[in-house]
Amino acid sequence: PLHFSPSTSLLSAPPPLLPLSDSLHFSPSPLPLTIMTSHDWANGFCSCFSTKGCGCMPGCIPNCICCMPCMWASATSQIKGKEDWGSYWKCCLLVQFCPCCVFCATYSELTEHYGIEDKYWCLKASTFPLLSYYQLFGTILEREKLSMVNFKVVPDQEMQ
């Protein structure tokens, strides 16, 4: 325990250590190390560049800009336990017609499915659909152990 006297500054106290347990894991991003619990999204809301596989090839630039509906459908169709909900063709078509509605429905499904606590999911989906896409997409990649290849996502085992 730390004891403070009038001559001790709060700045001189060492930061508390975080306990490591099975419910904590580290993000694979090359950006500063972050700790997230199993109740968090895989990347922050404004952290597009920390999405798993972000980069030039075969990452975000060609896949998520040119082929976003295909990437979205490929990822959502591979959510374990949600195979009927996230069928490839349904997701591919709907995200093109009304992305805000699709992301709102996906936030609703995934907060429950993954046990994520986020009280602003509806606001995020309706006002910032592109940021919502990257947050949802990154979380699906992390939680379902998927990786980006050209025009689709595949299980991480196929990448080895």
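Side chains included, hydrogens not; waters and symmetry mates left out as well; all remaining heavy atoms used.
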Say you draw a straight line from [atom1] of [X] to [atom2] of [Y]; how long is it, rounded to the nearest 0.5 Å?
X	Y	atom1	atom2	result
Trp121	Leu136	CH2	CG	10.5 Å
Phe151	Cys67	CZ	SG	4.5 Å
Lys82	Ser87	NZ	OG	13.5 Å
Arg143	Ile116	CZ	CD1	4.5 Å
Glu142	Ser147	CD	OG	9.0 Å
Ser77	Ile140	OG	CD1	9.5 Å

query = Is a side-chain N or O of Glu112 found less than 3.5 angstrom from the main chain of Ser108, in a donor-acceptor match?
reply = no
Check: Glu83 side chain, Gly81 main-chain N or O, donor-acceptor pair, under 3.5 Å = yes
query = Stepwise, does the side chain to side chain donor-acceptor pair (under 3.5 Å) test hold for Glu144 with Tyr114?
reply = CA-CA 10 Å; Glu144 302 301 325; Tyr114 294 140; 2.6 Å; yes
Smallest separation among heavy atoms of [X] and [Y], with atom names:
X	Y	answer
Val95	Met68	CG2-CE, 3.8 Å
Ala73	Cys91	CA-CB, 3.9 Å
Phe137	Ala75	CE1-CB, 3.7 Å
Thr127	Leu123	OG1-O, 2.6 Å
Ser74	Val153	OG-N, 2.9 Å
Ala125	Tyr107	CB-CD1, 3.7 Å

query = So, for Trp72 and Tyr133, is the gap between ring centers shorter than 6.0 Å?
reply = yes
Residue pair [X] / [Y], side-chain heavy-atom distance below 4.5 Å:
X	Y	value
Trp85	Ile79	yes
Thr76	Gln78	no
Val102	Phe97	no
Lys124	Leu131	no
Thr106	His113	no

inquiry  = Determine whether Asp118 and Thr111 satisfy the following criterion, side chain to side chain donor-acceptor pair (under 3.5 Å), listing intermediate values before the conclusion.
reply    = CA-CA 7 Å; Asp118 185 354; Thr111 52; over 6 Å; no
inquiry  = Does atom NZ (Lys80) have a neighbourhood of more than 12 heavy atoms from anything else shown, all under 6.0 Å?
reply    = yes
